[in-house]
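In what follows, a single structure is set out as structure tokens and then discussed.
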Amino acid sequence: LQLVESGGGSVQTGGSLRLSCAASPGYSLENLAIGWFRRAPGKEREGVAAISRTGNSIKYANSVEGRFTISRDPAKNTVFLQMDNLLPEDTAVYYCGADQGRHGLAINWQSGRPFGFWGQGTQVTVSS
């Protein structure tokens, strides 16, 4: 399984972007919890949002609560991260990760350790 992120770009403060996380051909995201993470230059990886395989459990980092929305579309085999009211501090490379074989979300999801599959990332740049 490989994950492929897309949708990154450059926007001004207050703008919006929608990131997509898709599985490589032949694989399904159906039974996977998916998390979005980001890494800014000189900073550690940060867990941004996560959604369980059923979509019943969703978690957000405090820094993005109310501005970002994670969702999944089984028909498109894709998980989305809608990012609104973007701020310069949101600038980072965004990655999606997959956690296999779990009903909900791991307590330590923000660490990234439960996620065994990762994409290559997509750059998000927010200018002031």
Calculate, to the nearest 0.5 Å, the distance between atoms CG and CG belonging to Asp84 and Leu17 respectively. 9.5 Å
Any donor-acceptor pair under 3.5 Å linking the side chain of Thr122 with the backbone of Glu5? no
Verify the cluster assignment for Tyr95 and Val64: are they in a single hydrophobic cluster under the rule of side-chain heavy atoms below 4.5 Å apart? no
Please lay out, stage by stage, how Ile51 and Val79 fare under the test side chain to side chain contact (heavy atoms under 4.5 Å, CB included). CA-CA 9 Å; Ile51 186 168; Val79 173; 4.1 Å; yes
With a 4.5 Å heavy-atom cut-off, do Thr13 and Pro88 have their side chains touching? yes
If two hydrophobic side chains count as joined below 4.5 Å and joins carry through other members, does Ile70 share a cluster with Met83? yes
Side-chain heavy atoms nearer than 4.5 Å, only ILVMFWY residues, links allowed to pass through others: does that put Trp118 and Trp109 together? yes
Please step through side chain to side chain contact (heavy atoms under 4.5 Å, CB included) for the pair Leu19 and Trp36, ending with a clear verdict. CA-CA 9 Å; Leu19 305 184; Trp36 280 99; 3.6 Å; yes
Any donor-acceptor N/O pair, Arg67 side chain to Asn85 backbone, under 3.5 Å: yes
Are any side-chain N or O atoms of Gln110 and backbone N or O atoms of Val48, one a donor and one an acceptor, separated by less than 3.5 Å? no
Test side chain to side chain contact (heavy atoms under 4.5 Å, CB included) applied to Gln123 and Thr91, step by step: CA-CA 8 Å; Gln123 176 71 45; Thr91 295; 4.1 Å; yes
Smallest separation among heavy atoms of Phe117 and Leu1, with atom names: CD2-O, 3.7 Å
For residues Asn77 and Glu30, report the shortest heavy-atom separation together with the two atoms involved. OD1-N, 4.4 Å
Separation of Leu3 CG from Cys21 SG (nearest 0.5 Å): 4.5 Å
Atom CG in Asp90, atom OG1 in Thr125: separation rounded to 0.5 Å? 11.0 Å
Closest non-hydrogen atoms of Ala23 and Leu29, given as atom of the first, atom of the second and distance, are CB-CD2, 3.6 Å
What distance separates Ile58 CD1 from Ser71 OG, expressed to the nearest 0.5 Å? 7.5 Å
Would you say Arg72's side chain and Ser52's backbone share a donor-acceptor pair under 3.5 angstrom? yes
What one should report as the nearest heavy-atom pair of Ala33 and Leu105 is CB-CD2, 4.0 Å
To the closest 0.5 Å, what do you measure between OG1 (Thr78) and CG (Asp73)? 6.5 Å
Just wondering, are more than 12 heavy atoms of other shown residues or ligands nearer than 6.0 Å to OH in Tyr60? yes
Is it the case that the side chain of Asn31 and the backbone of Arg53 share a donor-acceptor pair, with hydrogens and angles ignored and the cut-off at 3.5 Å? no
Please check this pair: side chain of Arg18 against backbone of Phe80, looking for a donor-acceptor N/O pair closer than 3.5 Å. no
Can you name the closest pair of heavy atoms from Pro114 and Asp99 and give their distance? O-OD1, 3.2 Å
Let me confirm one number: the CG-OG distance from Leu86 to Ser10, rounded to the nearest 0.5 Å. 11.0 Å
By side chain to side chain donor-acceptor pair (under 3.5 Å), Glu46 pairs with (sequence neighbours left out) Arg38, Ser63
When you look at CD of Gln120, are more than 12 heavy atoms from neighbouring residues, nucleotides or ligands closer to it than 6.0 Å? no
In terms of ring plane angle, is the pair Phe68 and Tyr94 parallel, tilted or perpendicular, where the classes change at 30° and 60°? tilted
Does atom CD of Gln12 have more than 12 heavy-atom neighbours from other groups under 6.0 Å away? no
Of all the heavy-atom pairs spanning Val11 and Ser16, show the shortest one and how long it is. CG1-O, 3.9 Å
